[in-house]
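In what follows, a single structure is set out as structure tokens and then discussed.
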Amino acid sequence: MNSVIDRLRRTTDAIIGEADLLERLGSGRPLRIKYGVDLTAPDLHLGHAVNLWMMRQLQDLGHQVVFLLGDLTTRVGDPTGRSATRPLLNPDSIAANASSFLDQVALILRTDPAVFEVRRNSEWYDAMPVAELLGLFGQVTHAQLMARDMFRARVEAGREIAVHELIYPVLQGYDSFAMRSDLTIVGSDQLFNEQLGRHFQQRLGMPPQVVITTTITPGVDGRAKQSKSLNNYIGLTDTPQDKFGKLMSIPDELVEPYAHVYTELPLDTVAGLAASADAGGTSARDAKLRLAAAVVTRYHGAGVARAELQAFQQTFSARSLPTDIPTVVLDGPVATVLDLLAALRPTETRSHLRRLIHQGAVTINNTRATDPTAPVDPVELVIRSGPRTWHRIRPSPTAERE
RNA sequence: GGCGAGUUGCCCGAGUGGCCAAAGGGAGCAGACUGUAAAUCUGUCGGCUUAUGCCUACGCAGGUUCGAACCCUGCACUCGCCA
């Protein structure tokens, strides 16, 4: 059983209740692993995936992930990391977010019912009489809640805390009791709420869940963590090509931490990559290529990773044509370079495209086009607009005839 | 409830009557270079049928003025202090 923990330890920050975990893993009973989420718009990235992969390992041993949709608590709003009260969500988007969450989680977790169960916390909260709810509140003191640094900071700053925000950790904690959680694997920012879970379970006569907090890794720009608002994350739903490219764009110093937590490469291999990254020059580049290939392999398989590696080298190192240029058949006539670009990239404004042309970003059959108003022949063309946007043109059947 | 401060482009933030499509920074985009979608440097960064042009924009609605992001009035929201 120690070996299980040892494997988990690679991406673990801390284990609260390690002795219990050892004992439970040894008991032969499948553990119930709480994976609770807030139903805000999900965009799971490699950081989230660290936790999910740990759960996946446990699933492979027969343990059960209980995916808890916090439909009720989302209506309340987690104050974690918020310096101000945040707005509430409407039921429609909550439902949409739930299904999107399931899709993304299924990229890593097994969804076989034997090891995966979906619950919603409205199941117990909707049915709970006020008297009982108040009883719950009686289990937690003001001092316990105020121990939370974020709440204290707000008080000190003279900012307000709405009562529902104060209550949020209480509800999230009680979830652990209601779903009989044995273990939960969360980012360290969730430690406080999950410790309340332990508190409730003990108060209500249940063995407390084990809490594993995981290593947080920086975003692709080197900032503290991956986040949607900073647009510095690698999404689980990103294409293999994007995953590969984004990994190539990380600062050299991040090769080591990324390889450590985002891949399953042997640790001495990771150390080797770190040394190469340190050395700079082409060896740093090669370390990144290996890292990128390892990550892409994990999500898309070795074949896809090999193909992306090759494509990347061909496109960026050898500067030759990428292999997967989309072919476009024009359905209408185009008169000028600008028209042509606009047809190829309909989501960009014409002003932006005009700028690209002026800046020398646009190449037609390897010849730079600098005049937006220049006429083009709608024959077979390969157009590059910017470093990684390529199109191949086939004339439309009608244009061909004329 | 009283008093005060604020609301500017994707984000932060300067601007207090014409020189403002709006300083500066960040993000983004592009070029050069390169070891990569690293780093660095440079440019660009509201939209528009080609533009010493037009349109839209500085919380919302009005007003003053030849002219307003900048002045006045009302409204909405945010924040601070006091009670």
Side-chain angles (χ1 to χ4, degrees), chain A residues 82-87 154-162 218-224 226-235 238-259 273-293 295-296 308-320 322 324 332-343 345-363 368-376 383-390:
Chain A
R82 305 264 161 181
S83 55
T85 303
R86 92 176 172 195
R154 278 213 229 168
V155 170
E156 275 162 22
R159 287 170 181 274
E160 56 194 9
I161 301 170
V220 293
D221 56 355
R223 291 206 233 184
Q226 301 193 48
S227 89
K228 198 171 173 176
S229 51
L230 293 176
N231 192 26
N232 64 351
Y233 66 98
I234 299 174
D238 281 350
T239 62
Q241 188 182 358
D242 275 343
K243 286 194 183 87
F244 201 102
K246 285 181 181 181
L247 286 161
M248 291 307 289
S249 81
I250 64 173
D252 293 352
E253 312 81 73
L254 252 42
V255 168
E256 199 277 328
Y258 268 42
L273 290 182
S276 309
D278 236 24
T282 50
S283 78
R285 179 202 56 196
D286 293 340
K288 278 190 204 173
L289 286 170
R290 290 192 60 190
L291 167 67
V295 172
V296 172
E308 286 307 330
L309 174 63
Q310 214 168 35
F312 191 89
Q313 288 175 314
Q314 189 169 8
T315 309
F316 295 105
S317 301
R319 268 148 225 279
S320 54
D324 56 344
V334 290
T336 64
V337 174
L338 182 59
D339 286 338
L340 177 62
L341 261 198
R345 303 179 66 175
T347 59
E348 301 291 350
T349 66
R350 289 173 76 86
S351 295
H352 179 242
L353 297 173
R354 191 186 304 278
R355 249 174 255 133
L356 287 183
I357 296 169
H358 283 305
Q359 291 183 127
V362 177
T363 283
R368 186 167 280 183
T370 51
D371 179 6
T373 63
V376 277
I383 293 119
R384 170 181 178 272
S385 49
R388 46 189 187 277
T389 310
W390 298 79

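Each chain gets a letter, A, B and so on, in the order the sequences are listed, and its residues count up from 1. Since we're looking at a predicted model, the values are computed, not measured.
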Looking at [N], which nucleotide sits across from it as a Watson-Crick or G-U wobble partner, both distances under 3.5 angstrom, or is there none?
N     : answer
B:C77 : B:G6
B:C71 : B:G63
B:A14 : none
B:A39 : none
B:G1  : B:C82
B:C45 : none
B:U50 : none

Taking atom [atom2] of [N] as reference, at what distance in whole Å does atom [atom1] of [X] sit?
X      : N     : atom1 : atom2 : result
A:R388 : B:A30 : CZ    : C1'   : 11 Å
A:R384 : B:A37 : CZ    : C1'   : 12 Å
A:K246 : B:A27 : NZ    : P     : 16 Å
A:D238 : B:A37 : CG    : C1'   : 13 Å
A:Q314 : B:A37 : CD    : P     : 15 Å
A:L341 : B:C29 : CG    : C1'   : 14 Å
A:L254 : B:G35 : CG    : P     : 22 Å

Taking [M] as the reference, what is the distance to [N] when you measure between their [atom1] atoms (whole Å, please)?
N     : M     : atom1 : answer
B:A27 : B:G63 : C1'   : 39 Å
B:G26 : B:A83 : P     : 44 Å
B:C10 : B:A22 : P     : 15 Å
B:A61 : B:U49 : P     : 27 Å
B:G28 : B:C11 : P     : 15 Å
B:G4  : B:G9  : C1'   : 28 Å
B:C12 : B:A37 : P     : 31 Å
B:U7  : B:U16 : P     : 13 Å

Select from A:F244 and A:R345 the residue whose nearest nucleotide in RNA chain B is closer to the 5' end of that strand.
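It is A:R345 whose nearest nucleotide is closer to the 5' end.
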Both A:G360 and A:A284 contact RNA chain B. Taking the nearest nucleotide for each, which residue is further toward the 5' end?
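That would be A:G360.
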More than 12 heavy atoms from other groups under 6.0 Å of CZ on A:R290
no
List the residues meeting side chain to side chain contact (heavy atoms under 4.5 Å, CB included) with A:R388, not counting sequence neighbours, and say none if there are none.
A:F316
Any non-hydrogen side-chain atom of [X] less than 4.5 Å from a side-chain atom of [Y]?
X      : Y      : value
A:L289 : A:F244 : yes
A:S385 : A:V362 : yes
A:I250 : A:L291 : yes
A:L356 : A:E348 : no

Would you mind classifying the nucleic acid contact of [X] as base, sugar-phosphate or nothing, using non-hydrogen atoms under 4.0 angstrom?
X      : result
A:G386 : sugar-phosphate
A:Q241 : base
A:D242 : base
A:A361 : sugar-phosphate
A:P372 : nothing

With respect to the phosphate group of B:A30, does any side-chain polar atom (N or O) of A:R368 fall under 4.0 Å of OP1 or OP2?
no
Taking NZ, NE, NH1 and NH2 as the nitrogens, is one of them in A:R350 or A:D339 under 4.0 Å from a carboxylate oxygen of the other?
yes
For [X], all residues meeting side-chain hydrogen bond (donor to acceptor under 3.5 Å, both in side chains), sequence neighbours excluded:
X      : result
A:T373 : A:D371
A:H358 : none
A:D278 : none

Between B:G31, B:A37, B:U36, spot the one nearest the side chain of A:R285, thanks.
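Looking only at heavy atoms from C-beta outward on A:R285, the closest nucleotide is B:U36.
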In B/S/- notation (B base, S sugar-phosphate only, - none; protein heavy atoms under 4.0 Å), nucleotides 44-53 of chain B written 5' to 3' is SS-SBSSB--
Report, one pair per line, the protein and nucleotides 38-42 of chain B atoms (nitrogen or oxygen only) whose separation is under 3.5 Å.
{"unit_1": "B:A38", "atom_1": "O4'", "unit_2": "A:K288", "atom_2": "NZ", "d": "3.4"}

Would you confirm whether A:R368, through its side chain, and A:G360, through its main-chain N or O, come within 3.5 Å as a donor-acceptor pair?
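Between the backbone of A:G360 and the side chain of A:R368 there is a qualifying donor-acceptor contact (under 3.5 Å).
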Is a side-chain N or O of A:K288 found less than 3.5 angstrom from the main chain of A:L247, in a donor-acceptor match?
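Judged by distance alone, no pair lies under 3.5 Å.
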